[in-house]
Amino acid sequence: MSSMNERYEAKSIEPRWQARWDEAGVFRAGRRPGAEKRYVLEMFPYPSGAMHMGHARVYTIGDALARYLRMQGYDVLHPMGFDALGLPAENAALKDGRHPAERTRENIEAFRREMKRVGFSFDWSREFATCDPGYYRWNQWFFLKMLERDIVYRRTGKANWCTGCLTVLANEQVVEDRRCERCGSPVVEKVIPEWAFRITAYADDLLAGLDGLVDWPERVTTMQRNWIGRSEGAEVDFALPGSPDKVRIFTTRVDTIFGCTYVVLAPEHPLVPKITAPERRREVEAFVERMKSVDAAERTGEGAVKEGVFTGAHALNPFNGEKLPVWIANFVLAEYGTGAVMSVPAHDQRDFEFARKYAIPIRVVIQPKERSRLPAGDGLDKAFTEDGVLEDSGGFSGLASADARLRMAAWARERGVGEPFVRYHLRDWGFSRQRYWGTPIPIVYCEAHGAVPVPEAELPVLLPPQAIITGTGEPPLAKVPEFVNTTCPKCGGPAKRETETMDTFVDSSWYYARYLSPHDERVPFAQDLARRWLPVDVYVGGPEHAVMHLLYFRFWHRVMEQLGMVFESEPCKRLVTQGIVNGPDGRKMSKRWGNVVTPGPIIDQFGADTMRMFMLFASPPEKDIDWSDEQVEGLFRFLSRVWRIFYARRDTFAVPDSALAGAAGAFLELRRRTHRTIKKVTEGMQGELKFNTSIAALMELVNDLYQLEPASDADRAAVREALLALATLLAPFAPHLAEELWHEVLGPASRELLLAECPWPAFDPALVAADSVTIAVQVNGKLRGEVQVSVAAAENEVRALAEREERVRAHLAGKTVRKVIFVPKRLINFVVG
RNA sequence: GGGCGGGUGGCGGAACUGGCAGACGCGCCGGACUUAGGAUCCGGUGCCGCAAGGCAUGAGGGUUCGAGUCCCUCCCCGCCCACCA
């Protein structure tokens, strides 16, 4: 007989099993070389301070999956590391002067300690931090490889400059109202040289790859599609009479070009000063000046008023030779397209409003296909922007829009006045950062040879320990002469190092591959391991990374594919984006609201298993949840209830399985319930992750157990079977408790085993299939009773039974049955009139 | 303006290919045990109604024997993108 205690004491159970798992090394990847692999990955944390509930949730979701897959017999890789370079550590250093390295190391320690307390099944032997030179040296190595292949280049142009972080940002890091994704400060344009990845060269590839990502949430692939923003159109040249220059415009609606009644340039367009008529000059210059001083967000943001001025110049529509006025206006952006648009007020709402305001003619050239004809331009109350059939469009009249677009672009190419053109919203990824706590860019500037790459053999270029963190916007590394002054690898002459560092999104772009050989000093990761483990099977993380990390990481994987390092184009098959854990008040957890709950105290009070159960039971993984103390207590209550039923039925532990065959009546029903539960939980772990309903099924099984008092050995065997299934099915969700109870049931015989790597239970199909069912009886679609029949019952049998039901009889009385609908195993419906 | 999600009891959420709406949990109500219970166990709990019954899945229409689920019109909420030419 078991010597188990009456009370559930998470605190005494959890550390014990954590130690056992650790000693036995059950979470090491590669323990089952003959088995199929599964790579389960959660986005690694940036270790700022301690772990919060958001982390607890992602890792709990991933861990439940990893534990399940391990029990299914897969060789599971489930690693963890730290995204340790980046601005917060440096910004904090500005305040208290502590070295980012020191602070980061401490935070990592704290983080790791907390994660270990939750008992996540990570293969800790593979842990690394991106601030280790052993990691970032490979960032530098990739940089060199990409430089050789022209995927990295140096450019000078308008870069996004964060006025808070005092560094350049990538386009993706600029969020609404042109603010910094990280600190929220305004982002301004600054002309500055920077290093960039030619991600735009991969735009079509990245776009096409999205179609294959069927196990990614659609909203993420849609966001990427929109971000890449491929638009097919044409570029067309409008000649300027009396000038050798031409205005090149980009349009997606070349089919409307015969309706073009004016041309608009961005105020910054280089032709503006050249073409402006002398009598318009003052007004135009004043407008341009004013636009310069207006913030970009204000100029193009929501509710901005369309305004512009006429330059006095004219341009010729190459399709019909028409002479059109050239305007400049605030809504045309120099950085999009060619910085010039052809305006077709009848078929573009923005052009329509502008034309109305400045009394420019409106000419209809597209008619709707099916609806009634549009009135002449002056009679329109808004632009007709859909496709239709062309009219008043020379030789193209009568064509459908889509067809016309192709022919007109081809026509333009033949005449040398334009060509079909594909444009993307995606910009190249500028990754230089004027900060200290990042990967040094391995470049040396020499008077004689310019920018010279640091030879591979000299990597890593180490971050100097004596960081001077100034917060001035000058690269801090520039202030460390020992770092800056070096010799040219080509000529040996005096040279200066690049003092900018890499965007930390570089670190997270390939870390998943580094887990394959985290300590390898010869290569970023070994090829044979890439064959074994990649791609990632399931990746769990927040949807906020939909465009940024998840785009960069797909880009990087393609580059690695080109380098022959990986053997598929996509880094990860399936993506799970988990929702936010809000405060109990439904608001985002924040010090400001005083609604922050952290894992530590919750684990102290209830144990890690209770916290995990809450994370999984509260809702499906994708949805946001509100922290709820009551709900958490409810889960603690459930685990205690599980514990107590094991304790109360400890006399069943020693009953032999052979007695199972004798189970009858309520205990046969229990066996059915047990096997149905196995089926339900197993299904919940596959496909859509339904942890919440899986746990609900376990609760039902427990509720059933409480209703039964076993009297015979057959009864006890059925109870024991249920308890064993319960412990096993609980293992992915509440692993410590599951392990403890499982060993209690099995006794000394199980001493050498760990539930964490035992096989997942199978259900007996014969027990899952019910032999009798409840059939709903409806009269005219309304429920009037129910009957118990065998699953095989035929319609006439069910009908006869149903007609005997009193309430059914009452509703059938005096009516004619016109029709009977019978759905086997579900319902019978009498249609009467 | 565009795209993608959502809208079901007091709350979190269930509901397979159209087939008994509300599983499971929280909360609440009642009972048992108890010196006591905020522990535990048992029972109840969508709304109206004494009941029979009626009404209920954002609103309104439709298809169907039957609609949370399918179709149409509309409203609201969340997220992402956005004067993108």
Side-chain angles (χ1 to χ4, degrees), chain A residues 7 175-176 217-227 229 231 233 249-254 256 264 266 299-306 329-333 335-344 348-351 353-354 385 423-425 543-544 546-547 577 579-580 586 613-614 617-620 622-626 628-635 637-638 640-641 644 648 680 683 690 692-700 702-703 706-707 774-786 807 810-811 818-833:
Chain A
R7 282 191 48 162
V175 295
E176 63 218 77
E218 197 182 296
R219 64 193 193 112
V220 173
T221 49
T222 306
M223 276 165 69
Q224 291 215 353
R225 210 165 264 127
N226 292 341
W227 187 261
S231 63
I249 61 96
F250 172 71
T251 178
T252 54
R253 288 300 303 275
V254 69
T256 65
V264 190
R299 179 173 137 191
T300 60
E302 183 94 39
V305 183
K306 293 170 184 45
N330 59 346
F331 64 83
V332 177
L333 308 174
E335 53 283 357
Y336 188 83
T338 57
V341 302
M342 67 170 206
S343 285
V344 184
D348 180 287
Q349 187 58 26
R350 191 192 47 202
D351 295 346
E353 286 166 27
F354 193 83
T385 57
R423 189 160 287 288
Y424 300 89
H425 172 256
E544 67 274 16
V547 287
T577 50
I580 297 168
M613 290 289 283
F614 170 76
F617 184 68
S619 92
E622 315 77 48
K623 291 192 77 167
D624 290 355
I625 57 179
D626 297 345
S628 157
D629 291 316
E630 289 86 2
Q631 201 74 233
V632 170
E633 281 178 46
L635 271 318
R637 222 153 33 220
F638 170 65
S640 306
R641 213 166 131 79
R644 277 192 304 270
K680 170 108 189 175
E683 285 168 356
K690 295 182 171 177
N692 55 337
T693 54
S694 294
I695 292 171
L698 294 174
M699 288 172 169
E700 288 183 74
V702 171
N703 290 343
Y706 269 85
Q707 302 292 326
T774 310
I775 294 215
V777 183
Q778 298 182 336
V779 177
N780 280 349
K782 296 220 175 291
L783 185 69
R784 299 300 177 193
E786 50 187 39
R807 286 171 63 216
H811 283 93
R818 296 187 194 284
K819 198 168 162 189
V820 176
I821 310 277
F822 176 64
V823 184
K825 293 196 262 185
R826 298 220 181 267
L827 62 71
I828 185 159
N829 184 13
F830 294 91
V831 185
V832 301

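Below, read A as the first sequence line, B as the second, and so on, with proteins coming before strands; counting in each chain starts at 1.
Checked against B:rC83, B:rG54, B:rG27, the side chain of A:Lys306 finds its nearest nucleotide in B:rC83. For A:Glu218, taking side-chain heavy atoms from C-beta onward, the closest of the listed nucleotides B:rC83, B:rC4, B:rG25 is B:rC4. The side chain of A:Arg350 approaches B:rA85 more closely than any other nucleotide in the set B:rG25, B:rA85, B:rC65. Of the candidate nucleotides B:rA23, B:rC65, B:rA82, B:rA82 has the atom lying nearest to any side-chain atom of A:Trp227. Closest to the side chain of A:His811, out of B:rG19, B:rC83, B:rG53, is B:rG53. Across B:rC83, B:rC26, B:rC20, the shortest atom-to-atom separation from the side chain of A:Phe331 is found for B:rC83. Proximity note for A:Arg826 (side chain, C-beta onward) versus B:rC16, B:rA82, B:rC4: the nearest is B:rC16. For A:Met699, taking side-chain heavy atoms from C-beta onward, the closest of the listed nucleotides B:rC24, B:rA14, B:rG13 is B:rC24.
Remark: A:Arg350 fails to qualify as a cation-pi partner of A:Phe331 under the 6.0 Å distance and 45° angle criteria applied to the six-membered ring.
In a base pair of the Watson-Crick type (N1 to N3 plus N6-O4 or O6-N4) or a G-U wobble (N1-O2 and O6-N3), with each distance short of 3.5 Å, B:rG53 is matched with B:rC48. Pair assignment for B:rU73 gives B:rA59, based on Watson-Crick or G-U wobble hydrogen-bonding distances that are each under 3.5 Å. Pair assignment for B:rG38 gives none, since no Watson-Crick or G-U wobble pairing has each distance under 3.5 Å. Judged by Watson-Crick or G-U wobble contacts below 3.5 Å, the nucleotide B:rG25 has B:rC11 as its partner. Both distances falling under 3.5 Å, in either a Watson-Crick or a G-U wobble arrangement, occur for no nucleotide opposite B:rU64.
Using a 4.0 Å heavy-atom criterion, one finds that A:Lys690 contacts the sugar-phosphate atoms exclusively. Residue A:Asn692 is in sugar-phosphate contact alone, with no base atom involved, counting any heavy-atom pair closer than 4.0 Å across all strands shown. At a threshold of 4.0 angstrom between heavy atoms, the contacts of A:Val341 include nucleobase atoms, whether or not backbone atoms are also involved. Residue contacts for A:Glu353: at a heavy-atom cut-off of 4.0 Å it reaches no nucleic acid atom on any strand shown. Across all strands, A:Arg637 comes closer than 4.0 Å only to sugar-phosphate atoms, never to a base (heavy-atom distances). When heavy atoms are screened at a 4.0 angstrom cut-off, A:Asp348 is found touching no nucleic acid atom at all. At a threshold of 4.0 angstrom between heavy atoms, the contacts of A:Gln631 include nucleobase atoms, whether or not backbone atoms are also involved. Nucleic acid contact class of A:Arg784 (heavy atoms, under 4.0 Å, all strands): sugar-phosphate only. Residue contacts for A:Pro543: at a heavy-atom cut-off of 4.0 Å it reaches no nucleic acid atom on any strand shown. Nucleic acid contact class of A:Ser628 (heavy atoms, under 4.0 Å, all strands): none.
Counting atom types as modelled, A:Lys819 pairs no side-chain N or O with a base atom of B:rC65 as donor and acceptor under 3.5 Å. Between the side chain of A:Arg225 and the base of B:rC4, no donor-acceptor pair of N or O atoms lies under 3.5 Å.
Side chain of A:Arg253 to backbone of A:Thr385: a donor-acceptor contact under 3.5 angstrom is found.
Of the side-chain N and O atoms in A:Arg644, one or more sit less than 4.0 angstrom from OP1 or OP2 of B:rC41. Contact between the side-chain N/O atoms of A:Asn703 and the OP1/OP2 oxygens of B:rG25 is found at a separation under 4.0 Å. When the side-chain nitrogen and oxygen atoms of A:Lys623 are compared with OP1 and OP2 of B:rG13, one or more of them lie within a distance under 4.0 Å. Checking the phosphate oxygens (OP1, OP2) of B:rG43, a side-chain nitrogen or oxygen of A:Gln707 falls inside 4.0 Å.
The distance between atom CG of A:Asn829 and atom P of B:rC65, rounded to the nearest whole Å, is 10 Å. Distance CG (A:Asp629) to C1' (B:rG27): 14 Å, rounded to an integer number of Å.
Base orientation of B:rG9: syn, since the glycosidic angle falls within 90° of 0.
Nearer to the 5' terminus of RNA chain B, by closest-nucleotide assignment, is the contact made by A:His425 (compared with the other of A:Met342 and A:His425). If A:Leu635 and A:Tyr706 are placed on RNA chain B by their nearest nucleotide, the residue sitting closer to the 5' end is A:Leu635.
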